[in-house]
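When a residue number appears, it is its place in the shown sequence, counting from 1. First listed ligand is number 1; within each ligand, the first listed atom is number 1. Just so it is clear, the values below take in all heavy atoms, side chains as well, and ignore hydrogens, waters and symmetry mates.
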Amino acid sequence: MCSNFDRFLIRSGFTLLLSLLMGRCTEKPNHKQENVAAIPEKNIPVPEFDADSAYAFVARQVAFGPRVPNTPAHQACGDYLIGRLTSYGLTVDVQEFDAQAYDGKMLHLRNIIASFQPEAQKRIMLAAHWDTRPLADRDSVNTGQPIDGANDGASGVGVLLEIARQLQQADSLDMGVDLFFFDGEDYGEPENYKPEANENQQQVWWCLGSQYWAKHKHKRNYLAYYGILLDMVGAKNATFYQEEVSRRNAGVVNKKLWDAAHKLGYGPYFVNQHSPEILDDHVYVNYGASIPMIDIIEYAPDGDGYFAAYHHTHADNMDIISKETLKAVGQTVLYAVYQE
Ligand code: AHN
Ligand code: ZN
């Protein structure tokens, strides 16, 4: 029997029943399975996702310091991302806007959108958030200090940058790909935050960039076939479960990605079970922009909530980043894109 039900499960008896039926309490997966090269049904060769390159992109972001909105590190990292993406021949749109934070502060934010083959009708959306959390509210020390966000932020961006680099040579692809780097995802209120009596409680303080984009698309009538969000995709021995909002809105996409991962030998990372719903940028893409988007996000079934112990602590640094995990996610996403 499961010993520690997370608070999401406690909140929802239905989810609890469902996850018990789905056998959520099985053994931890073994990550040692060998990778086998696979040829997608379309027979177009899929480029090799270079995990060393992705890792270097993660380290480069961390080297700027925490990418907290309104700081020089945040500004410098945003400029770096725009420079990299432009150098790969992509068309880069930058959405600059100000958004209010839970504490009343005005944040100066940028969503960065890099497009491969911008004229193509059929498009796939890949996304990550590039900002990092301004505090370490799940740590026991220095909780007021910002975190490195090597996994929470930089890992998804690192995978997207490596995909951007690979797309340079993608002359066999006949569709478009848009890489979204959302800002202001992780500026949500602290764990123990007590709202002011007069505070508007309807406002969600997480995902400020995707909330803005859903209301102000970078292109009028923008549409994509589907989307994939990457969040915390670089930790050692990470496990990705099919998250509930993703399943509800883009179940077919979930299946496509999990099937691809298993075919490629990454089954131990992509567990064929469900995880509870999570508030993340895909929520606003699904419900705000009506584009089906899944979230590939680490789920720690044995943790005391959704996330592993490093989450929103100073342990979220380069020490927990694994090239193998970056490879599993990056190669799976590339494979899925090339299958379309
Ligand atoms: C909440 O904790 C409400 N949502 C998680 C989304 C998130 C935070 N992803 C990374 N950091
Ligand atoms: Zn976070």
With a 6.0 Å cut-off on ring centres, are [X] and [Y] close enough?
X: Y222; Y: W213; result: yes
X: H218; Y: F180; result: yes
X: W258; Y: F270; result: yes

Give one line per pair: atom of ligand 1, protein atom, distance. Only N/O to N/O under 3.5 Å.
residue	atom	partner	partner atom	Å
ligand 1	4 (N)	L279	O	2.9
ligand 1	9 (N)	E185	OE2	3.2
ligand 1	9 (N)	D231	OD2	2.7
ligand 1	11 (N)	D152	OD1	3.3
ligand 1	11 (N)	D152	OD2	3.1
ligand 1	11 (N)	D186	OD1	3.1
ligand 1	11 (N)	D186	OD2	3.2
ligand 1	11 (N)	H312	NE2	3.4

Worksheet entry | Every N, O or S from the protein that is nearer than 2.8 Å to the Zn ion (ligand 2) |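 For the Zn ion (ligand 2), the protein N, O and S atoms that sit under 2.8 Å away are D152 OD2, D186 OD1, D186 OD2, H312 NE2.
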
Worksheet item: Other hydrophobic cluster members with V141, side-chain heavy atoms of Ile/Leu/Val/Met/Phe/Trp/Tyr under 4.5 Å, chained?
Response: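 Members besides V141: none; it forms no cluster.
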
Does this structure show an ion pair linking [X] with [Y], if we count only N-O contacts that are shorter than 4.0 Å?
X: D93; Y: K217; result: no
X: D98; Y: K105; result: no
X: R133; Y: D152; result: no
X: E324; Y: K236; result: no

Atom pairs and distances, donor-acceptor, side-chain atoms in residues 158-170, under 3.5 Å, two or more places apart:
residue	atom	partner	partner atom	Å
E162	OE1	S53	OG	2.6
E162	OE1	R165	NE	2.7
E162	OE1	R165	NH2	3.4
E162	OE2	D50	N	3.1
E162	OE2	R165	NH2	3.2
E162	OE2	Q166	NE2	2.7
R165	NE	S53	OG	3.3
Q166	NE2	E48	O	3.0
Q168	NE2	R165	O	2.9

